[in-house]
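The sequence lines fix the lettering, A, B, ..., with proteins before strands; numbering per chain opens at 1.
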Amino acid sequence: MAENERLQAVFERDEPAFIPYLAAGDPDYEASKAYVEALARGGADVIELGLPFSEPIAEGPTIQNAIVRALESGMTPDRFFEFVEELDVDVPLVCMTYYNLIYQYGSEDGPRPFVEKAADVGLTGLVVPDLPAEEAGPLRAACDEFGLDLVFIVAPTTEGERLERMREQVSGYVYVQARLGTTGARDDVSDQTDESLARIDDWDVPKAVGFGIKEGEHAARIVRAGADGIIVGSALVDIVADGAKSDDSVEAVAERLERKARELKDGALAGAADSEPRPERT
Amino acid sequence: MAENERLQAVFERDEPAFIPYLAAGDPDYEASKAYVEALARGGADVIELGLPFSEPIAEGPTIQNAIVRALESGMTPDRFFEFVEELDVDVPLVCMTYYNLIYQYGSEDGPRPFVEKAADVGLTGLVVPDLPAEEAGPLRAACDEFGLDLVFIVAPTTEGERLERMREQVSGYVYVQARLGTTGARDDVSDQTDESLARIDDWDVPKAVGFGIKEGEHAARIVRAGADGIIVGSALVDIVADGAKSDDSVEAVAERLERKARELKDGALAGAADSEPRPERT
Amino acid sequence: MSDTHAGKFGPYGGQYVPEALMPAIEELTDAYERYVLNNEDGFMDEFQDRLRDFGGRPIPLQYAEQLSERYDTDVYLKREDLLHGGAHKLNNALGQVLLAKYMGKERIIAETGAGQHGTATAMAAAHLDMPCEIYMGKTDINRQRPNVFRMRLNGAEVNPVTVGRGTLKEAISETMRDWATTVENTHYVIGSVVGPAPFPQMVRDFQSVISEEARHQIEEQAGRLPDSVVACAGGGSNTMGAFANFVEDDGAERSSAEKSSGDEPRDRVDLIAVEAGGSSLAVDEESGVAPNSATLSTGHEGVLHGARTKLLQDSDGQIMESHSVSAGLDYAGVGPELAHLVDEGRVTPANVDDDAALEAFHRLSQEEGIIPALETAHAFAYLHENPDAVGDVTIVNVSGRGDKDLETVIEETEKRDLDVDVDMSIFEGAM
Amino acid sequence: MSDTHAGKFGPYGGQYVPEALMPAIEELTDAYERYVLNNEDGFMDEFQDRLRDFGGRPIPLQYAEQLSERYDTDVYLKREDLLHGGAHKLNNALGQVLLAKYMGKERIIAETGAGQHGTATAMAAAHLDMPCEIYMGKTDINRQRPNVFRMRLNGAEVNPVTVGRGTLKEAISETMRDWATTVENTHYVIGSVVGPAPFPQMVRDFQSVISEEARHQIEEQAGRLPDSVVACAGGGSNTMGAFANFVEDDGAERSSAEKSSGDEPRDRVDLIAVEAGGSSLAVDEESGVAPNSATLSTGHEGVLHGARTKLLQDSDGQIMESHSVSAGLDYAGVGPELAHLVDEGRVTPANVDDDAALEAFHRLSQEEGIIPALETAHAFAYLHENPDAVGDVTIVNVSGRGDKDLETVIEETEKRDLDVDVDMSIFEGAM
Ligand SMILES: Cc1ncc(COP(=O)(O)O)c(C=O)c1O
Ligand SMILES: Cc1ncc(COP(=O)(O)O)c(C=O)c1O
């Protein structure tokens, strides 16, 4: 199983990873680039970049709307790859998108052309929320071929055999879904998080928790619960949405994003400081 | 079978009878009295007075509307009898109404109280358009008891056995329905009239033709075809309706009615003058 | 059946129509006897085939789980709402249009109140390729819009009747007027067990397929006859159809000829006809308005639309304007046979008011997943108010579905404070 | 059937859903196998009893006299419009709600396009006493108002979906989101043969009662199998239901095991799936709009709503906005089994445009006295355009009735110059 080196390097450091998400092209190509770069400045360790798909069945309203804005501003898979190439950031980038876009890319049906191109522009991994382990064979193979990680999501409902199957396929990190439902910022941290982390406690892959994290305090709480990283999407997308709505300058919004990123990153670090030292990883 | 003497007398004269119809109480009690009296002045030989019923299924729109006006102005069976009593006319009056009003009158169910009262106020006969010969037994008996005629309608569709049954029951005159349908003034005279008259040619009762007669010319044509009388309703009710609509004075409307009556009566007389002399009646 | 001779039911029935119609009525009587009673030319076979293939018969008798539990009695639903067109009306309309065809008629006319008879007639006429005109009062046109469209879509002409209040009473009168003009080539498909003989018995015969099926079905499903049959009554056609095959189950001693071995009396099936109590049973004689259509309970013998029967009328004999939230029950008369069966004590007349009917409408919709016609809802309101009166096993006739009533129900529910949980605000989003 | 293994039909099918739903889908697969395929606890018996008593099955197969004459071919109508609720949808909704009950679920959710699946689900949920929420796009809410009311009357909550164009596609996505949150106590009653396995095969199985009955009926009535079966296809549930029991009548040589005496090939029954051609088959890639829903004819393989199937999508793989005058066909995907049967040449894909569907709507209403759903009208428009393609005996599936479409039909007819005799002025009187 491929382990992308850059992604691996992130989790080998002795601190929790902060993994923010933004939809590429939201609200437009240039602003979006500035926003992603702001996240990097704010301390992102990995960035999940959404390639917008017209039927985002796993997303809540916040990210749905971001995707609509990005699509309306002309984002396409080809533009997305350009976007990634043009980005001036130093951290590993993971593409989050739906399977149909991966399947349709290029001249032949199937995931290979997409993955080849993704590797080519320097993406380090993929998250595909509508692709369970059962249907992931061809994509897994293409990722292996081109050295990309394929991140899977462990849901609160994932148990038993399914958990085993996923353990075999996952690489890079495992995305631990903090609660049932779709993406979206919440005001609390779910107990389901602890249970989920406990269920995969012995997995030999970094565990990043997402779905609903909104504040530094949440981040700390989750790292204390044993997470190796935190994934934050809607709370950041909210800032982009507010900026777009109020017609604020790109700089002002980028500034806010950077500040929020730092809050979250600091929260995660604080959580790590409270915890016992994390075991070394191989 | 009762033959009311006054009605009989009309048809014993050697000239066709002119039988106008108005709804009693249309558009109000006093005006209606004036109008009926105008018809008498205009040469009516018999007058059919409509006692308005809420469901006049045999009437066309003209008389339906007259009935609505009369009902709205408060006409009831009791008022109707007063109306008849108060009328200052010299010709026989026939009441035209629907069976339910006859049936409900007085304290007991059944036609007797109505007929008794009708005789009492000087009515000479009844026409009941929703009472075919088959259902007429009780009313026929009451009429016999109180000396009223019961006029039946022969329709263009009445043939064979039904015709015989009616022949046995009819008295006063037979109302020959000039055409299929409901009451209402028309612009032509139906061929059905000739056929209907032919069918009852040998009946020993005067034949009065109605339904659709509008002008003196029609009247003449029908008398030439062998009728002993003409019945005119809608053409006269139209005058009342127009007057009510234009808020004309009662005198003006009465004047018009009298003139129209005379036109129709003259038409009938003209028709008679053209025909061979009518056979004597016993 | 109770029509022992010449279209009379005790004192009721008869043929009080203009002379011009009498020959047509005699012709119809003759055709009724030949084709319907004696199955000449296989008329009844064809009728039954078409009821099956076009209409969807047999129609189920359904055990109603939620209602049975609520009322602690076995409630069975005779699902006439599933008949093509959405009400029992097609049983009759199809029969009559087919009969008109056998009689060589070339044109169909009909009156309609709720529009259910009109749509059924329009559908039957289209199915049998006959031109068709429907008379409908203006008030009913306004409160039953979807049915107006449906009739027109089926190729029927809809003639609005503007006299009077513009409801069923006026529409019947108007259709009779048309018939009086066109009687030679036209058949008048009357929509209920009303009008001159032979209509009341003929319509009952066409509708009696309801109880013919229901009787077999309840014996099969419950292993016994019901203690009662409940049906709403406007003119009374679904009522008579639902009662017909139970009328003789009157609990009386059997005549010796009928006795098999013992001399037990027959089972007794109570027959309950539920009329529209409207907003009140009181009557305003002055204005000639009855705020209800509870003819069987409050009416008096008289003559209307060709028959002697019970009527809502003032003391002079003028017909009152009836009122009901449900257009199909909004009629001042009632079938003569039903009037007679009430006088004889064989049928129990009952009535429920508009509010109770609306509540029952919502209750059935929510609890059984069946949206009934507002007419039908009256039968369920009776059940709700008198659960102890129906015995251990009862059949309620679901005479029709409520699609036609959606607008009325929303409007009327909004006006009231009903004893049922309906949040009217939820209806706004989609208006 | 063509689902030989693991919910795949050739290259189509599968389970492309968020991980959170996978356990529920496995649970459902298990329940499907136990209760539906193996009739555990008598599930299928109870299902069939309820389809009969509550739904009104069996549903007739009707010989259509007027159409048969017009097209000089024997046209039989499978009258799913007579099913409770007014469309074939209840077959599936009742099956799934009952299954949810057997599975111990406590809440039902569903998407709806035309509102027919939503009303069927709301009715089934009321009947089986289950709380129910329905997701419906705002565009569909506006064009199918009566169905919105009906769902609410049946006690269901209707949740408007405002994203995107607000049609079926968005409603399905939204329902999946709800399910992802509530999967532990909730069953998602999907409305067609789409979605992740086991939905496509399970919905087909519930709907296959259509062809099970039709096969017996046509053999009884025509003494033979039909030359063709014609059905409209949105997701394809009425289509698969109408085809299922004829799929093996493919005219192929029988395998020697099946041979009785001779070695004649089986009869060939052509299966024709008619999609919505909308206003044009052309596609606007730029704006991502397909002015049609002709997925089988013009779509390309991809992944949507949990399954690999044919889709209307742009070259990037973004799903297009489909368009059709009929809400129930207005969907960018199609059932994976249908896609496979088309690839295999067993099902013939066809499409007719909005105008043709409207004309067919009026024609069937006027000539047969059956007002079809606009969806259904597409099947009749195909018959009208291709009377020679259906052979001597054809079955057209009347998937639903058109009561829900009255307003749309009036509006859309008025806009056009149709090749059918409809006088739109007659619709004004009652507006
Ligand atoms: C569904 C339904 N039920 C009942 C009635 C009342 O008619 P009847 O009393 O003749 O059954 C109507 C009349 O339109 C109706 O539509
Ligand atoms: C009457 C009717 N027919 C057909 C359809 C299309 O669905 P399917 O293709 O699943 O049968 C619908 C969908 O709502 C419908 O209501």
Electrostatic pair C:K404:C:E375 at N-O distance under 4.0 angstrom: yes
Check the side chains of D:K78 and D:Q217 for a donor-acceptor pair under 3.5 angstrom, ignoring hydrogens and angles. yes
Would you call D:D421 and D:R363 a salt bridge, taking side-chain N to carboxylate O under 4.0 Å as the test? no
Do NZ/NE/NH1/NH2 and the carboxylate oxygens of C:E65 and D:R50 come within less than 4.0 Å? yes
Can you say whether C:F361 sits under 4.5 Å from chain D via the side chain, the backbone, both, or neither, judging by heavy atoms? side chain
Donor-acceptor pair, distance only, cut-off 3.5 Å: does the side chain of C:D405 make one with the backbone of C:A373? no
Checking D:K138 side chain against D:T162 main chain: does a donor-acceptor pair fall under 3.5 Å? yes
Does any heavy atom of chain D fall under 4.5 Å from the side chain of C:E367, the backbone, both, or neither of them? backbone
Can any side-chain N or O of C:E359 pair as donor or acceptor with the backbone N or O of C:D419 at less than 3.5 Å? yes
Region of C:P146 that comes under 4.5 Å of a non-hydrogen atom in chain D: both
Is it true that a side-chain atom of D:E368 and a backbone atom of D:L67 form a donor plus acceptor pair closer than 3.5 Å? yes
Run the salt-bridge test on D:R107 and D:E133 with the 4.0 Å N-O cut-off and return the result as yes or no. yes
When only heavy atoms count and the cut-off is under 4.5 Å, which of residues 85-94 of chain C reach chain D? none
Interchain contact, C:R79 with chain D, by part (heavy-atom threshold 4.5 Å): side chain
At a heavy-atom separation under 4.5 Å, does D:R57 approach chain C through its side chain, its backbone, both, or neither? neither
Go through the atoms of C:I370 and report whether side chain, backbone, both or neither lie under 4.5 Å from a heavy atom of chain D. both
Tell me, side chain or backbone of C:D49 under 4.5 Å from chain D's heavy atoms, or both, or neither? neither
